[in-house]
Amino acid sequence: MQTNRYHIVLADYNLPQWTGMEALQVLRSQNLDTPLILVTGSLGEERAVECLKQGATDYVLKDRISRLPLAVRRALEEKRLRQEHREAEADLAQKVKELARSNAELEQLAYVASHDLQEPLRMVSSYTQLLAKRYQGRLDSDADKFIAYAVDGANRMQRLIQDLLAYSRVGKVQKELLEISSEAALQNALKNLSQVISESGAVITHDPLPPLVIDEMHLTQLFQNLVGNAIKYHGPETPCIHIFSTKKDKELTLSVRDNGIGIAAQYFERIFVMFQRLHARDEFSGTGIGLAISKKIVERYGGRISVQSESGKGSTFSFSLPEQ
Ligand code: ADP
């Protein structure tokens with residue numbers, strides 16, 4: 001048995017120089033998936049159960065030998081299924097590995113590309129701005145228009161590249177996570193948004209928020225994206241934004257509620273996809289990356305992000321994080 005590969009072993013329970021159970025041990029120690037059927041004159045029920053427990057596939061009593069072909073067929077079929085299952089699992093494991101590698105490569109590519117594009121773009125941007133400043137009104141009106149388009153394009157590209165860089169950086173920080181104050185992260189985000197807050201007159205309130213185990217920069221960015229959008233996508237009324245938390249089944253949810261233009265239900269999924277926007281650039285500025293970044297951050301911690309809204313009736317964006 002150690003030197004030959006058998007499809008199946010039919011063995012007596014005990015013969016001189018052979019015991020069925022030892023044969024089983026040999027098969028097992030060699031990691032061989034060879035079915036073993038005991039064909040025996042008599043086998044007490046207890047012993048039969050013991051043999052099956054130890055790994056015998058089946059047993060056939062000699063006075064019921066007509067059952068043997070069926071037992072063999074079944075054992076071989078089961079073996080084939082096990083083999084197929086093993087192959088499918090190995091195949092899946094290989095695919096998961098390849099996917100992880102190709103994802104890491106893509107992320108690296110996005111990071112390097114956006115990082116390295118910043119420098120030449122800064123050059124284009126500063127020189128078009130210089131052109132605009134120095135030659136405004138000194139060439140003809142077409143030239144003024146063209147320079148303004150170039151300045152605007154360079155600015156937009158800069159924002160896009162900064163957002164792309166922020167997106168690809170989400171997976172990069174690997175420091176040890178500590179519990180942090182969500183309220184401090186919210187205050188940081190509001191500080192970063194102070195200009196748009198004062199320009200819009202937005203009223204921002206919040207309930208007490210629980211501490212969370214998350215990178216503080218990530219939570220700040222989440223609040224900044226969600227509160228920033230809540231201000232940007234306001235309706236005719238002054239933006240009123242409330243941040244609150246709920247807890248259910250060991251899952252903490254933080255929500256940002258606004259009284260803005262709202263979102264129709266058919267777009268609830270789409271807005272979290274990179275570059276997906278529901279409005280033209282001249283209506284609302286933006287790159288369409290903010291919610292994709294938010295989703296990536298939340299999913300990195302095993303959480304979920306979603307929106308509840310109705311067109312014209314404000315939106316509530318919520319993200320849940322599993323309790324650590
Ligand atoms: P951006 O704001 O740069 O377009 P986001 O990824 O942050 O990109 O948002 C994607 C889209 O989701 C936005 O273009 C907008 O249409 C919609 N959206 C996001 N937040 C809100 C909100 N609070 N109210 C209404 N619409 C929103």
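Bear in mind the structure is a predicted one, so any value in this text is a computation, not a measurement. Atoms within each ligand, like the ligands themselves, are counted from 1 in listed order. Each residue takes its place number in the sequence, starting with 1.
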- Any chance you could lay out the side chain to side chain donor-acceptor pair (under 3.5 Å) test for Glu183 and Gln187, step after step, and finish with the verdict? CA-CA 6 Å; Glu183 297 199 9; Gln187 292 313 326; 5.9 Å; no
Is it the case that the side chains of Glu199 and Gln195 hold a donor-acceptor pair, with the cut-off being a distance below 3.5 Å and no angle test?
yes
Between the side chain of Asp144 and the main-chain N/O of Gly137, is any donor-acceptor distance below 3.5 Å? yes
Query raised in the report: Do Leu130 and Met157 sit in the same hydrophobic cluster, where Ile, Leu, Val, Met, Phe, Trp and Tyr count as joined when their side-chain heavy atoms come under 4.5 Å apart?
Result: no
Residue shell for ligand 1, any heavy atom closer than 4.0 Å, reads Asn229, Ala230, Lys232, Tyr233, Asp258, Ile261, Gly262, Ile263, Ile271, Gln276, Arg277, Leu278, His279, Gly286, Thr287, Gly288, Ile289, Gly290, Leu291, Ser315, Phe317
>> Assess the residue pair Gln224 and Asn188 against the criterion (side chain to side chain donor-acceptor pair (under 3.5 Å)); give the C-alpha distance rounded to whole Å, side-chain angles, the decisive distance to 0.1 Å, and a yes or no.
In response: CA-CA 8 Å; Gln224 198 170 316; Asn188 283 341; over 6 Å; no
*asked:* Taking Val256's backbone N and O only, do any of them form a donor-acceptor pair with Thr316's side chain (distance below 3.5 Å, no angle check)?
replied: no
